[in-house]
Amino acid sequence: FRSMLEWIHRGSWLGGVAVDAVADDMTKAGIKIKSELEPDEINQICARATDLCVWSELRDNIAWTRLYGGSIAVMLIDGQKMNTPLRIDTVGKGMFKGLCTLDRWMVEPSLGDLVTEYGPDLGMPKYYTVNANSPALIGERIHYSRVIRGRGIKLPFQQRMTENLWSISIYERMY
């Protein structure tokens with residue numbers, strides 16, 4: 001099935017545009033920061049985000065979510081264990097090293113260990129284990145607070161369970 005999705009994306013200009021246009025539009029201009037920081041500090045933050053390829057990784061996360069029905073962008077924090085909850089207050093200057101985008105086929109969600117805290121992640125996997133077919137982080141167990149999770153077209157719960165709590169590709173409805 002994955003091969004068919006990839007064939008549509010690669011083999012049809014319309015299929016490519018359906019996935020890529022939204023992702024490109026959402027990330028091509030970066031962001032505008034409204035803050036009490038000095039303009040020079042804001043420029044440094046934006047330049048660092050560009051240096052760390054944050055926009056291209058977020059673009060891939062959006063595109064792979066649309067293509068495959070799910071993707072995660074893992075926050076790479078130097079000196080911290082991936083399997084522990086992220087505590088923003090412990091992230092010091094220079095510790096954020098960027099994002100690593102992994103599509104749904106590269107990670108195994110913990111279906112027997114779901115988030116129980118109230119909030120937007122309730123009922124989602126608490127951990128993602130990176131499979132051997134990943135380009136990086138192989139074998140890592142990643143806590144959900146360290147990922148930006150993308151969901152495709154949302155499914156009812158029982159259907160999500162058959163998809164390992166992922167959604168479906170935008171191509172599935174078209175097909």
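Note: hydrogens, waters and symmetry copies are ignored here, and every other heavy atom, side chains too, is used.
The hydrophobic cluster containing Leu122, built from Ile/Leu/Val/Met/Phe/Trp/Tyr side-chain heavy atoms closer than 4.5 Å, also comprises Tyr118. Other residues sharing a hydrophobic cluster with Ile142 under the 4.5 Å side-chain heavy-atom criterion for ILVMFWY residues are Ile72, Val74, Leu76, Met82, Leu102, Met106, Val107, Val115, Tyr128, Val130, Leu137, Tyr144, Val147, Trp166. Other residues sharing a hydrophobic cluster with Met75 under the 4.5 Å side-chain heavy-atom criterion for ILVMFWY residues are Ile31, Ile33, Leu37, Ile42, Ile45, Leu52, Val54, Trp55, Leu58, Ile77, Leu86, Ile88, Val91, Met95, Phe96, Leu99, Ile148.
Under 4.0 Å is where a charged nitrogen must lie from a carboxylate oxygen, and between Asp103 and Arg2 at least one such pair does. Between Asp20 and Arg66 there is no salt bridge, since no side-chain nitrogen of the basic residue lies less than 4.0 Å from a carboxylate oxygen of the acidic one.
The backbone N or O of Gly69 lies less than 3.5 Å from no partner atom in the side chain of Ser169, so there is not a single donor-acceptor pair. Between the Lys126 side chain and the Gly123 main chain, no donor and acceptor come within less than 3.5 Å of each other. Looking only at distances, a side-chain donor or acceptor of Ser56 sits under 3.5 Å from a matching main-chain atom of Cys53. Of the possible polar contacts, one joining the Asn133 side chain to the Trp105 backbone as a donor-acceptor pair under 3.5 Å is found.
Arg149 places a side-chain heavy atom less than 4.5 Å from the side chain of Met124. Between His143 and Lys81 there is no side-chain heavy-atom pair separated by less than 4.5 Å. The side-chain heavy atoms of Glu6 and His9, taken from C-beta on, include no pair separated by under 4.5 Å. With a 4.5 Å cut-off on side-chain heavy atoms, Leu165 and Pro109 do not count as touching.
The side-chain tip of Arg141 points at the ring of Tyr127 from less than 6.0 angstrom away and within 45° of straight on.
Closest non-hydrogen pair, Ser167 versus Gly152, comes out as CB-N, 3.4 Å. Of all heavy-atom pairs spanning Pro125 and Ser110, the tightest one is CB-N, 3.8 Å.
The number of heavy-atom neighbours closer than 6.0 Å to CE of Met26, taken from other residues, nucleotides and ligands shown, is 12 or below.
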Apply side chain to side chain contact (heavy atoms under 4.5 Å, CB included) to Asn83 and Arg146, showing your working. CA-CA 9 Å; Asn83 64 349; Arg146 296 180 177 276; over 6 Å; no
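Checking Ser71 against Asn61 by side-chain atom types alone, a donor-acceptor pair falls below 3.5 Å. Between the side chains of Gln80 and Thr90, a donor-acceptor pair is found at a separation under 3.5 Å. A side-chain N or O of Glu57 and one of Thr101 form a donor-acceptor pair less than 3.5 Å apart.
Note that NZ of Lys34 is 6.0 Å distant from NZ of Lys32, once rounded to the nearest 0.5 Å. In this structure, CD1 in Ile8 is found 5.0 Å from CE in Met4, a value given to the nearest 0.5 Å. Interatomic distance, Thr162 OG1 to Ile168 CD1, rounded to the nearest 0.5 Å: 10.0 Å. Atom CD of Glu172 is separated from atom CG of Leu155 by 7.5 Å, given to the nearest 0.5 angstrom. Interatomic distance, Asp25 CG to Ile62 CD1, rounded to the nearest 0.5 Å: 10.0 Å. Taking CG of Asp51 as the start and CZ of Arg48 as the end, the distance is 6.0 Å to the nearest 0.5 Å.
Leu14 and Leu5 fall into different hydrophobic clusters, where Ile, Leu, Val, Met, Phe, Trp and Tyr are joined by side-chain heavy atoms under 4.5 Å apart, directly or via other members. Using a 4.5 Å cut-off between side-chain heavy atoms of Ile, Leu, Val, Met, Phe, Trp and Tyr, with links allowed through other members, Ile170 and Val17 fall into different hydrophobic clusters.
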